[in-house]
Amino acid sequence: MDLTLYNTYSGQKEIFVPVDAEHIRMYVCGPTVYNYAHIGNARPVVVFDTLARLLRKLFPKVTYVRNITDIDDKIISAASEQGKKINFITTRYTNQFHADMAELNDNGPDIEPHATDHITEMIKMVECLIEKNFAYVKEGHVLFSVKKMKDYGKLSSHSPDELIAGARIEVSSYKNSPADFVLWKPSSSEQPGWHSPWGRGRPGWHLECSAMSEKHLGETFDIHGGGQDLIFPHHENEIAQSVCAHSGAPFVNYWMHNGYLTVDGEKMSKSLGNFYTVRQLLDEGWDGETIRLALLKSHYRQPLNFSLRGLQDAKSELDRFYRVLRGHSLAEIINFSSESQHSTIEATLKNDLNTPGAIHQLHGEASRLFRLSNNDQSTLKLKNQFFKDASLLGILQRDPEDWFKGNNKKSNDKIDMVFVEDTIALRNAARARGDFIEADRLRDILSAKNIMLEDNVDGTVWKVGEGQK
RNA sequence: GGCCCGGUGGGAGAGAGGCUAUCCAGAGGAUUGCAAAUCCUUGUACACCAGUUCGAAUCUGGUCCGGGCCUCCA
């Protein structure tokens, strides 16, 4: 079965035909680093990480580029509000972003270019656009002349005429036409800036992605991803810049956009203030894998209504999955080398990254394994396959016992393992002699400490109960 | 105003012309010293109105409702 992807540019699902089947190239718009990443920022990270995992399975080489935007007016204002240097802000939130996304099992990109490391490339691209008469200089600004670009607006289904007619804001004096956008703008003495042929200034927002994708992936590459809100104007303008600078060479073959995340049915946005940061959820004790699964439970193009109940559901599903693996350590499961079976999960994901369908398949596998309910070598092989399938989604990467005992949680109070094990031993001794009153008393003692016991055929296992998440 | 998406059972959420989605929650049963876990069974789903079709939740047209973009935003 072929890999099919929904292409925003054509508005339909298409069979994926790479530029070079030996080397897939993908660019995804990364964060502007001036604040903690919220759960909506995490969605494209998780979605495209999952896509990257699939691509790496299907093709011999994948280069995944995700940028860091470290020069932007929002960063400038955040720095001045907090009385900190720009560099302090960008370094701090870049590190925070990395730490948070790692918790979500994001493998990260192969190349993570920073905008400020590519000013030279950006200036060169602007010069090229001026030279080819797609851009003009006015009042210290360099602007892209939208009407010079034949297909401008195709990605977002807008015509330049509509955009001009719909312009809601007052047109700046330096624009020849309301739809024109800034490639380079002047900086005041207190704003960060770089020397350029047009004076000291800084790049417009869209320029970095055009310049950095060209440098790291070439003029034409396979996939460009990001959130739906980037379709216009960001990606539209990227296309304009790159196609015109490259004398009409195709820029991106497949445009992929993830849907919005809503909270209580409303778009989550910084301006509305109705957002959860990833850090906040982690600190509350939600596991990164739980957050990741909650994000993958709906298809990437669908809107996702984020809720605590959704997280709780994801947690319950992961409990079920880890219960399948329990009885073997993660190392045993990983190291059990076996021929990779035909994976139905892979086939499901090849249908436009159908992660909910893949999760469904995982539940099917889980049910089959539960019915076997023995822990010999043959089930170890099945667990190995189950683990591999789950790994495509980037979940089930922890040791099962650690998952249930909360060992991966930083925020948990230390559990006294010796006390727990001793109490279980005492209780089992009581059970063996038929003293169920004592057995239940010991169970209650542990229960009060949020330790839940399960008596299985192989013995008694325990887990941290709900409330600790 | 223009342009996009959507509306599926208590909740989440796939599917996509005829075949049980699945998970969570609920009910009944099996199992268990008791539990938990697991297994089995189970409930009223496809916004509305027409049309196409032997057959539509799935296609077409319209209606209503919701969200988004057109301005910084994943």
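Since this is a predicted model, take the numbers as computed values, not measurements. Residue numbers start from 1 in every chain, and the chains themselves are labelled A, B, ... in the order their sequence lines are given, proteins ahead of strands. In what follows, every heavy atom counts, from backbone to side chain, and hydrogens, waters and symmetry copies are set aside.
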(message) Is there a side-chain contact (heavy atoms from CB on, under 4.5 Å) between A:Leu51 and A:Leu5? Walk through the geometry before answering.
(response) CA-CA 10 Å; A:Leu51 179 62; A:Leu5 298 172; 4.2 Å; yes

Rounded to whole Å, please give me the gap between [atom1] in [X] and [atom2] in [N].
{"X": "A:Glu365", "N": "B:U22", "atom1": "CD", "atom2": "C1'", "result": "13 Å"}
{"X": "A:Glu317", "N": "B:G13", "atom1": "CD", "atom2": "P", "result": "12 Å"}
{"X": "A:Tyr300", "N": "B:G6", "atom1": "OH", "atom2": "C1'", "result": "16 Å"}
{"X": "A:Arg309", "N": "B:G10", "atom1": "CZ", "atom2": "C1'", "result": "7 Å"}
{"X": "A:Asp435", "N": "B:G33", "atom1": "CG", "atom2": "C1'", "result": "12 Å"}
{"X": "A:Leu293", "N": "B:A12", "atom1": "CG", "atom2": "P", "result": "16 Å"}
{"X": "A:Arg443", "N": "B:A36", "atom1": "CZ", "atom2": "P", "result": "9 Å"}
{"X": "A:Arg368", "N": "B:C39", "atom1": "CZ", "atom2": "P", "result": "12 Å"}

Suppose we define a pair by two distances each less than 3.5 Å, Watson-Crick or G-U wobble; what does [N] pair with here?
{"N": "B:C64", "value": "B:G7"}
{"N": "B:A57", "value": "none"}
{"N": "B:U38", "value": "B:A30"}
{"N": "B:C19", "value": "none"}
{"N": "B:G43", "value": "none"}

(message) Under 4.0 Å, heavy atoms only, any strand: does A:Leu453 hit a base, just the sugar-phosphate, or nothing?
(response) base

(message) Could you tell me if A:Ser367 and A:Arg320 have a donor-acceptor pair between their side chains, going purely by distance under 3.5 Å?
(response) yes

(message) Under a plain distance cut-off of 3.5 Å, with no hydrogens placed, do A:Asn67 and A:Thr69 share a side-chain donor-acceptor pair?
(response) yes

Which nucleotide in [options] has an atom nearest any side-chain atom of [X]:
{"X": "A:Pro356", "options": "B:C23, B:G13, B:C40", "value": "B:G13"}
{"X": "A:Ser298", "options": "B:G13, B:A74, B:C23", "value": "B:G13"}
{"X": "A:Asn354", "options": "B:C23, B:G15, B:G13", "value": "B:G15"}
{"X": "A:Phe436", "options": "B:A36, B:C73, B:G33", "value": "B:G33"}
{"X": "A:Arg323", "options": "B:C24, B:A37, B:C40", "value": "B:A37"}
{"X": "A:Asn456", "options": "B:C73, B:C39, B:A36", "value": "B:A36"}

(message) If you apply the rule salt bridge (charged side-chain N to carboxylate O under 4.0 Å, His left out), what do you find for A:Arg441 with A:Glu438, and how did you get there?
(response) CA-CA 5 Å; A:Arg441 190 186 70 84; A:Glu438 174 64 4; 3.0 Å; yes

(message) Tell me which one of A:Tyr322, A:Phe321, A:Phe370 satisfies ring pair (Phe, Tyr, Trp, His ring centres under 6.0 Å) with A:Phe386.
(response) A:Phe321

(request) Using only side-chain N and O atoms of A:Trp205, determine if any of them is under 4.0 Å from OP1 or OP2 of B:C73. (result) yes

(request) Let me know, please, whether A:Pro31 or A:Asp440 comes out on the 5' side of the other along RNA chain B by nearest nucleotide. (result) A:Asp440

(request) Starting from the 5' end of RNA chain B, give me the residue, A:Ala366 or A:Asn351, whose nearest nucleotide shows up first. (result) A:Asn351

For atom [atom1], what is the distance between [N] and [M], given to the nearest Å?
{"N": "B:A16", "M": "B:G28", "atom1": "P", "answer": "37 Å"}
{"N": "B:A37", "M": "B:C24", "atom1": "P", "answer": "10 Å"}
{"N": "B:A21", "M": "B:A14", "atom1": "C1'", "answer": "7 Å"}

Quick one: does [X] reach the base of [N] with a side-chain donor-acceptor pair under 3.5 Å?
{"X": "A:Asp455", "N": "B:C34", "answer": "yes"}
{"X": "A:His360", "N": "B:A14", "answer": "no"}
{"X": "A:Arg427", "N": "B:G33", "answer": "yes"}

(request) Determine the interplanar angle of the A:Phe181 and A:His206 rings, folded into 0 to 90°, and report it as parallel if under 30°, tilted if 30 to 60°, perpendicular if over 60°. (result) perpendicular

(request) List the atom of A:Ile76, the atom of A:Arg202, and the distance in Å for their closest heavy-atom pair. (result) CD1-NE, 3.7 Å

